Asks: 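One structure coming up, written as structure tokens, with questions to follow.
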2 protein chains.
Amino acid sequence: MSQPDDVPTPPWERPRKRQAPARIPLTRERIVDAAFVVLDREGLDKLSMRQVAAELGVAVSALYAHVEGKDELFELMYARLFDHAELPDPDPDNWQEQIKDYARAGRQRLLRHRDMARISMAHAPFTADLLPHVEKLFAVLRAGGLPDKVMAIAGDLLSTYMEGFTLEESMWQERLNDASWKQVGAEIRDYFSSLPPERFPNMVALADLLVGESNDYRFELGLDIILRGLATYAEEDPGKSSRDRRHERE
Amino acid sequence: MSQPDDVPTPPWERPRKRQAPARIPLTRERIVDAAFVVLDREGLDKLSMRQVAAELGVAVSALYAHVEGKDELFELMYARLFDHAELPDPDPDNWQEQIKDYARAGRQRLLRHRDMARISMAHAPFTADLLPHVEKLFAVLRAGGLPDKVMAIAGDLLSTYMEGFTLEESMWQERLNDASWKQVGAEIRDYFSSLPPERFPNMVALADLLVGESNDYRFELGLDIILRGLATYAEEDPGKSSRDRRHERE
DNA sequence: TCCATTGGTGAACAGTGTTCAGAAGAAACT
DNA sequence: AGTTTCTTCTGAACACTGTTCACCAATGGA
């Protein structure tokens with residue numbers, strides 16, 4: 001959002017009057033909104049308190065009356081991502097797909113804003129306001145009939161994969177910037193193909209696959225590997241055959 | 001402090017005036033060394049070019065004659081981690097354990113220096129000097145009989161898990177400062193246990209497991225899940241069966 | 001009308017990464 | 001020796017950063 005009137009006021013009409021009688025009060029919401037505008041336009045490295053203040057047409061110090069500092073601003077931005085995210089109720093017959101949806105939704109959230117994966121990585125491991133999401137993820141995992149100890153690590157594993165994959169994905173895009181993914185992919189593929197085959201036989205052979213046709217496909221395959229691994233634990237438990245899994249809901 | 005060659009310099013050769021603290025020339029190596037000293041003592045947030053220069057007793061601008069900037073310094077620090085790391089030759093009968101060792105070694109590398117996981121995350125996806133490591137990882141995966149498509153994503157998956165897990169692990173430690181892991185773990189466990197059970201039944205039930213007895217154990221379990229998932233692809237068929245094709249998109 | 005409270009201002013502080021004209025030092029040549 | 005050349009390091013500056021704080025404008029209540 002650009003300022004409507006950025007025309008420099010001539011020196012002769014300098015009554016000490018404020019321009020807008022309808023001064024919209026500054027709120028946390030508006031600050032976070034402005035931060036997202038700056039983030040999407042300039043990127044994380046250029047996202048400074050001063051830029052956010054400028055976006056709002058306000059002095060830097062005004063922000064500190066509403067927000068504790070830059071760290072809290074990041075916290076608020078991160079929380080904003082989960083505003084309209086709801087997980088479905090656990091369905092024991094469909095738990096694997098539900099888990100995948102959880103990861104897919106997380107990735108899409110991070111891709112919605114530029115550099116959001118980096119912000120997500122810097123985020124604290126757990127914050128109170130998104131505990132409900134983790135809880136519901138566990139509910140789905142429980143419906144899958146997984147042993148407790150596996151459930152406990154599965155959440156981390158899935159989140160870590162989703163965040164890490166998306167971070168890498170967006171770093172590629174940022175680095176070779178503003179090129180479409182097709183071009184980026186071709187560039188990377190060409191690089192791998194050009195390596196000396198005697199020293200890097202596997203990388204040359206896999207060049208086409210290392211950067212798949214689409215990131216979506218690569219992401220799905222990784223998800224599949226994890227889900228298959230989890231499933232082995234579900235089937236392994238003698239008391240809980242796959243047919244009886246629907247009774248596991250509690 | 002002895003001279004490299006202790007043969008007395010013949011008098012007809014140019015006599016060295018300066019024998020006292022001979023000015024050790026600044027090199028990339030010494031700069032990286034100093035950077036690690038500052039990093040371990042002060043943490044990543046306090047690691048600035050000026051701090052590194054001060055550690056060396058030198059002006060800031062002197063660094064820029066040897067190092068392109070802070071980004072390249074981070075690059076050099078990251079590369080340093082791989083200096084004495086060698087992967088074993090692929091052993092088809094033991095590929096799963098070899099893969100695990102790869103991940104374990106990576107985690108240990110990152111834990112060796114404070115905040116190193118964060119630096120690793122900011123690192124570019126691929127840099128030329130550690131291509132040999134990736135190549136050898138692929139060699140081991142190939143020895144496991146994995147399909148090409150799975151191999152191509154497995155590298156990412158493993159690295160992502162290893163880096164993400166270690167990052168989270170070290171962020172916990174940094175946040176609850178200077179406490180031993182036993183205390184940190186107890187604190188987290190108590191927090192999860194204290195949640196309202198009607199809203200968070202799973203988290204309360206899993207409180208003990210969410211922060212395992214040791215991080216080592218949790219890391220191993222996650223590795224096991226991934227390896228089991230990979231193994232399902234290896235067992236399917238060495239020669240591209242129909243089940244394999246199920247994941248191909250035409 | 002005066003007063004008090006709130007929210008925004010502008011300047012300042014202590015940092016940051018990076019650049020660049022020039023000083024210091026060692027080596028080489030005359 | 002003296003002089004020049006070349007490299008390395010210095011000091012000061014620039015344009016930023018997050019954050020704080022004394023002040024000031026505007027509003028609501030008495």
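Throughout, protein chains are lettered first and strands after them, A, B, ... in sequence-line order, and every chain is numbered starting at 1. Everything quoted here is computed from the prediction, not taken from an experiment.
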Asks: Would you call the rings of B:Phe36 and B:His113 parallel, tilted or perpendicular, taking 30° and 60° as the class edges?
Replies: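 Tilted, since the angle between the ring planes falls between 30° and 60°.
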Asks: Between atom NZ in B:Lys70 and atom C1' in C:dT16, what is the gap in whole Å?
Replies: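 It works out to 8 Å between those atoms.
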Asks: Can you tell me how far C1' of D:dA25 sits from CG of A:Leu26, to the nearest Å?
Replies: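 It is 16 Å, rounded to the nearest whole Å.
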Asks: Give a yes or no on whether the backbone of B:Leu210 and the side-chain of B:Arg218 come within a donor-acceptor separation of less than 3.5 Å.
Replies: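 Yes.
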Asks: Looking at B:Asp156, is its backbone amide N or carbonyl O close enough to the side chain of B:Ser159 to form a donor-acceptor pair, meaning the two atoms are under 3.5 Å apart?
Replies: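 No; judged by distance alone, with no hydrogens or angles, the pair does not exist.
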Asks: Output the rounded distance in Å from CZ (A:Phe74) to C1' (D:dG18).
Replies: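 Taking CZ of A:Phe74 and C1' of D:dG18, I get 11 Å after rounding.
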Asks: Count the heavy atoms of every other residue, nucleotide or ligand shown that sit under 6.0 Å from CZ of B:Arg41, and state whether that count exceeds 12.
Replies: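 Yes, because the 6.0 Å sphere around CZ of B:Arg41 holds more than 12 heavy atoms from other groups.
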Asks: What do you reckon, is CD of A:Glu72 surrounded by more than 12 foreign heavy atoms closer than 6.0 Å?
Replies: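 Result for CD/A:Glu72: enclosed.
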Asks: Do side-chain atoms of B:Glu55 reach the backbone of B:Ala35 as a donor and acceptor pair under 3.5 angstrom?
Replies: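 Such a contact is absent between B:Glu55 side chain and B:Ala35 backbone.
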Asks: Rounded to the nearest Å, what distance is computed from the CG atom of residue B:Asp71 to the C1' atom of nucleotide C:dT16?
Replies: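 The answer, rounded to whole Å, is 14 Å.
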Asks: Name every residue in residues 41-66 of chain B that has at least one heavy atom under 4.0 Å from any atom of DNA chain D, in order of residue number, or write none if there are no such residues.
Replies: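 B:Arg50, B:Val58, B:Ala59, B:Ser61, B:Ala62, B:His66 - these, ordered by number, are the residues of the stretch whose heavy atoms sit under 4.0 Å from the strand.
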